[in-house]
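See structure below.
Note that the structure is predicted; figures quoted are calculated from it, not measured. Order of the sequence lines sets the chain letters (A, B, ...), proteins ahead of strands, with each chain counted from 1.
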Amino acid sequence: MKAPAPTTPHATGASREMTFAEAIREALAEEMRRDPTVFIIGEDVAEAGTPFKVLSGLVEEFGTGRVIDSPISEAGIAGLGVGAAMTGMRPVVDIMFGDFVTLIMDQIVNQAAKIHYMSGGKLKVPMVLRTTLGATRRSAAQHSQSLHAWLSHVPGLKVVLPSNPYDAKGLLKSAIRDDNPVVFFEDKMMYQLKGPVPAGDYTIPLGVAEIRRAGKDITLVATSSMVQVALSAADMLDKGGIGAEVIDVRTTAPLDKATIIESAKKTSRAVVLDEGYEGYSVIAEGAFYYLDAPVKRMGARSVPVPFSPVLEDQTVPTPESVVEAAKKLCGKL
Amino acid sequence: MKAPAPTTPHATGASREMTFAEAIREALAEEMRRDPTVFIIGEDVAEAGTPFKVLSGLVEEFGTGRVIDSPISEAGIAGLGVGAAMTGMRPVVDIMFGDFVTLIMDQIVNQAAKIHYMSGGKLKVPMVLRTTLGATRRSAAQHSQSLHAWLSHVPGLKVVLPSNPYDAKGLLKSAIRDDNPVVFFEDKMMYQLKGPVPAGDYTIPLGVAEIRRAGKDITLVATSSMVQVALSAADMLDKGGIGAEVIDVRTTAPLDKATIIESAKKTSRAVVLDEGYEGYSVIAEGAFYYLDAPVKRMGARSVPVPFSPVLEDQTVPTPESVVEAAKKLCGKL
Amino acid sequence: MKLRSELLLRFYRQMTKIRLFEEQVNQLYLSAKMPGLAHLYIGEEAIAVGVCEALRRDDYITSTHRGHGHCLAKGASVDRMFAELLGKEPGYCRGKGGSMHIADQETGNLGANAIVGGSAGIATGAAMSARMRASSQVAVCFFGEGALGQGLLYEVMNMASLWKLPILYVCENNQYNEYTHYRETTAGNVARRPEAFGLETVSIDGQDVGAVHTTALRLVERARQGKGPAFLICDTYRFHGHHVGDINRAYYRPKKEEEEWKRRDPIRLLAGRLKARKLADEKALAGIEEELKREIEAGVEFALNAPYPDPAEVDQHVYA
Amino acid sequence: MKLRSELLLRFYRQMTKIRLFEEQVNQLYLSAKMPGLAHLYIGEEAIAVGVCEALRRDDYITSTHRGHGHCLAKGASVDRMFAELLGKEPGYCRGKGGSMHIADQETGNLGANAIVGGSAGIATGAAMSARMRASSQVAVCFFGEGALGQGLLYEVMNMASLWKLPILYVCENNQYNEYTHYRETTAGNVARRPEAFGLETVSIDGQDVGAVHTTALRLVERARQGKGPAFLICDTYRFHGHHVGDINRAYYRPKKEEEEWKRRDPIRLLAGRLKARKLADEKALAGIEEELKREIEAGVEFALNAPYPDPAEVDQHVYA
Ligand SMILES: Cc1ncc(C[n+]2csc(CCOP(=O)(O)OP(=O)(O)O)c2C)c(N)n1
Ligand SMILES: Cc1ncc(C[n+]2csc(CCOP(=O)(O)OP(=O)(O)O)c2C)c(N)n1
Ligand SMILES: [Mg+2]
Ligand SMILES: [Mg+2]
């Protein structure tokens, strides 16, 4: 697998070929040099540099005071990260396998994601949680999951899924500088993927998708390593006379809906490719040719539930709001 | 709010008016009488009968050996439930607020949901996890979430969302008798909702949706208390000359796709109503009028990731499978 | 250690303020003026006050669902607290948090928490941050004995001990986890738990504000000097129900027990001590109470008259 | 306690079987015949054998990522284990589990677990179930000292103690959490932790199978009689890397330390004891080894020749 050339050429440094793992490490090193409040905590992150050796060398430069080996306490280190972030630091918490986010959901979802909102905007939690996703490493059911959908489902979190070394560096820098909790998912099968990475500082904004390849017949919307799969597929489709446009979502929260929709309007066909489980969108897929209008989904408003009645009452669907939506769909409004 | 009359008349006992909470309690009591391996564990479940008083009276009949007050250890009791279920018991674990599933995700997702599969079908985990969902109780961000989507996203779990007392009793009985881990979500705002409930034994199968009300103009697909909202909306729409068909999903896993799709094909329009967060289906909603084919979603196969290479390799999308899907959408296959 | 008289009077004032505040909260509930529920701190005032008076303003605390006492003791003002409880715009969290999530950055209160034990990580992280920034701040983590059931607590105590973080864990053992006596949920010996993790551990009478204060002072200063974390167990009792709606308690705790504990009312104990030591007479104490009553009344008035947030605020503050 | 000679010989046989099995696993990895990784139990054999020999066949165990030793000691057969490690159809889990998830219901093995500490709840629940069914079964929960970092362990120990569940927690302290020495991750005194929760706690030399066995016997019988849970700490060492691919270890543990521990090889220690007590001579032991080698070879052969599962099985066993 080879990464595509970057199409967002706003970096100034000379470009080198680098692995995905090296790009992550370089982003961390540069951010730690730039900002003394950035630190890393996780299991076997220091001398071992993680089992995937992604962080090798960092402890030598920054010392054990900033690259901190922790006990095997995922919930604990996530909680420590939240508290440190609330009080002036920018922790990067390392969760070895994405499957272990099961252990930190309370700290991430009930605490980190909601604190800014619950405090009425006073407190903030600028932390990054780095973890992995992806199967096919023969690691079985507890070390192969892609659980980013859960977190993308939680207002207050940002979720990043880089697909190549260039983006990995630029997106991780943005994540570290962001004032919100950001969950950064790295496909463990991509760590050795090589691609061009500029030296020096550049960032890629969170919430902006990238068209990796233009095409007019079908849109392939992909995340993380599935972008590489989409690009391979696009090459193969090309030979069959089908022009595929490949969109790299880059962040599932915030999601760049405009870019995705524009492309789909142009091509009229779409495949969404992601290594998480899918399974819903039943009607939009199963009754497509019978539909006269798009399926309207109504759920909780995308905010942590506020306490004040005047606010809370706006967060759930009501008969009135359903009636309005239904009338609109029926062209009676 | 008043529950609709049951449309699945397969119970034999005389029907009484009962609250949702009473129906839950009756299901538990009947199952505990029937099967000595059924027991309840949770915080304040015994003398207190839970803060919502749903379980009042059970400890008096079954004793503290089968209605067990636990420490405030959600992960611990979920884990105990898994172990007890694997070894001959049928635990009903009570998680006081649905917001606390954040604390048990590892035990439920990495253990309970996967054990049957990982063991090649030898072990099983017949446990029920009862918890709540729903906002508007003025309980703020950590006591108002509806997190069933996370669990519906996990192969190996069943997820039940009853919308009325009748179903609550029949579905809970099925959940207890099921050989899989079942997560049973009760909207805390529905506990006082009244409706007819037959005395004695009856079950409602998991995986069968119910058409609560027929209509030809639009389909309202709803879960849990949103079914009540949908029914109210349908009444209101009726007056405006729009006939709404209301589908009560009842279980999001397994999901009765056929009933939903059939209805949508008939009405050509649909609203999906659920108290969880929504936010995706971007193209199906945003580019609907431009699409020539349904959006194809490709993700991980809906199984826990197997170890054996011949099995694992089938669980992730590949360039070849993407090409095939794309060609099909483009009518070139 | 003999505490100075002004200090004891200040304790009296702070404890009484919490008491009156909470009685008012109960009234707001009973008169259906407050949305949702609240968990009253009445009976436990000596702990929040004894501990918080040992802290600097920039020291951190984290609090619980039963958090009004901690919040006031750390220096929050009555009016904005009431406003928060009523979901009003001038509330500490603009009405978004409510009783269980009040936070006040200016006084170092990182927030109440509705997840039992949920703030243990946050407090430990704040202590870690204080050490990394060499700010000489200390963090205090308040929690009920029910949180002893949460594994997170042990995970973070282990790290606090390993890294000698400046934190004090304060376990308010009011005997009950909601409606279940703590002895039915808590095995072995509570004090030995933190000890096993290497924390300096002290058990005291939580109704005696003097004892709480002098012990907290020692443990806080010890932590500040880098000598490591500590664990303070305070025996206490909530005089009211688990929450304002918990009126019929006979099925889970005997009336007699309630009465016995009420004889150990921390405010009355302190009043007795003040009078015995001739630091204040009945009249002086009544004067303090009167003054505080006016503050509370004004605060409630303010909150009742305050506006709700603009409905459009519902979408604000999701992201920083 | 003086153990009978047949018993000691049986220990020798079981420990040697595990050793040879694991050496073969390493070969499978090195020759690229095994998918994924595996964590070898070499050096720790005395624990699994000493404990499992104190159990009934219907007693339960839960195991870890380093689980081959527990599985064999509880009675699993070599051929089906190899088959599982290779992802083959006759494997214990039809190839679906692999090294980290082998389970064998027939011998009471509720499964290895790839979540550190992840089986603590399962084992405790099995003990609870045994008590509820009055089956007089006991559950043993094996885990590495790294699991002391997981809060879940404390949550369930608390309940085991409260309810006097028939469970033995066995902490295999092989000194390292992956690549970090346990002293850098574990504060205070390990044995005091379970003690504080009211568990009977014993620390022993995990290289001495006799000590492990006699202690386990006592603690298991105690649990079986309803006298409550216990915690057994066994000091040990993994002679190989964290997993088969962990070859260069110098950066995290000194060669000298490895050599010192290897001098305390549990199998050699037992062999010495057998010879000193004249229960077996060099030749008899070599005979046992030869026999086991043939068993291992036959097992590998079987597994290598066994078919993969039908690809359609991918969708089977999601639901029971
Ligand atoms: C993780 C979690 N589990 C359960 C609850 C429900 N709950 C709220 S308060 C409470 C009891 C807490 O007891 P304790 O910690 O002793 O505090 P107290 O109320 O006595 O001050 C429980 C179980 C919760 N909020 N969070
Ligand atoms: C919850 C969790 N965190 C991290 C890991 C990654 N991991 C696998 S083994 C291991 C070290 C375990 O050490 P220990 O418990 O002492 O067992 P040992 O390997 O020494 O037998 C770690 C951190 C994991 N599998 N599960
Ligand atoms: Mg309490
Ligand atoms: Mg170890």
Side-chain angles (χ1 to χ4, degrees), chain B residues 40-60 64-65 67-80 94-107 131-132 134-145 147 188-189 277 279, chain C residues 29 32 34-39 64-65 84-87 93 95-102 111-119 143-155 176-187 241-243 245-246 248-253 317-318:
Chain B
I40 296 172
I41 185 167
E43 295 151 23
D44 296 303
V45 293
E47 286 75 16
T50 80
F52 299 107
K53 304 293 165 204
V54 177
L55 307 184
S56 294
L58 292 182
V59 73
E60 283 75 9
T64 53
V67 184
I68 305 169
D69 272 341
S70 78
I72 308 176
S73 305
E74 282 78 8
I77 58 176
L80 252 72
D94 188 295
I95 299 293
M96 200 181 285
F97 283 83
D99 310 71
F100 310 158
V101 300
T102 51
L103 293 161
I104 62 167
M105 290 301 273
D106 194 65
Q107 291 303 307
T131 192
T132 64
T136 68
R137 203 170 154 264
R138 317 312 184 202
S139 305
Q142 293 174 341
H143 281 66
S144 306
Q145 291 164 94
L147 298 175
K188 48 181 124 40
M189 301 303 284
Y277 295 113
Chain C
Y29 171 77
M34 183 181 68
L37 296 170
H39 307 79
T64 69
H65 57 285
E84 189 58 36
L85 264 56
L86 299 185
C93 309
K96 281 190 164 132
S99 166
M100 294 203 287
H101 301 292
I102 298 187
N113 210 308
I115 302 297
V116 168
S119 73
F143 52 89
E145 85 296 336
L148 294 168
Q150 291 284 318
L152 177 68
L153 182 63
Y154 305 95
E155 296 191 4
Y176 288 87
N177 305 178
E178 279 194 358
Y179 316 110
T180 303
H181 197 281
Y182 91 98
R183 278 207 209 84
E184 289 171 42
T185 61
T186 318
H242 171 59
H243 56 67
D246 171 28
N248 301 316
R249 299 184 287 270
Y251 74 90
Y252 75 87
R253 68 182 204 188
H317 308 130
V318 177

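Proximity to chain C (any heavy atom under 4.5 Å) is shown, for B/Ala75, by neither the backbone nor the side chain. Both the backbone and the side chain of B/Glu74 come within contact range of chain C, with heavy atoms under 4.5 Å apart. Only the side chain of B/Phe100 comes within contact range of chain C, judged by heavy atoms closer than 4.5 Å.
Under the rule for a salt bridge (charged side-chain N to carboxylate O under 4.0 Å, His left out), the partners of C/Arg249 that lie at least two apart in sequence or sit in another chain are C/Glu258.
Among the candidates C/Met100, C/His101, C/His243, the residue making the largest number of heavy-atom pairs closer than 4.5 Å to chain B is C/His101. Contact tally against chain B (heavy-atom pairs below 4.5 Å) for C/Tyr182, C/Tyr252, C/Tyr251: the top residue is C/Tyr251. Looking only at heavy-atom pairs under 4.5 Å with chain B, the residue among C/Gly146, C/Gly117, C/Gly149, C/Gly36 that has the most is C/Gly149.
With rounding to the nearest 0.5 angstrom, the CG atom of B/Leu55 is 5.0 Å from the OG1 atom of B/Thr50. In this structure, B/Ser144 OG and B/Phe97 CZ are separated by 8.5 Å, a value rounded to the nearest 0.5 Å. A distance of 5.0 Å separates OH of C/Tyr179 from NE2 of C/His242, quoted to the nearest 0.5 Å.
With no hydrogens or angles considered, no side-chain donor-acceptor pair links C/Asn113 and C/Thr64 at under 3.5 Å.
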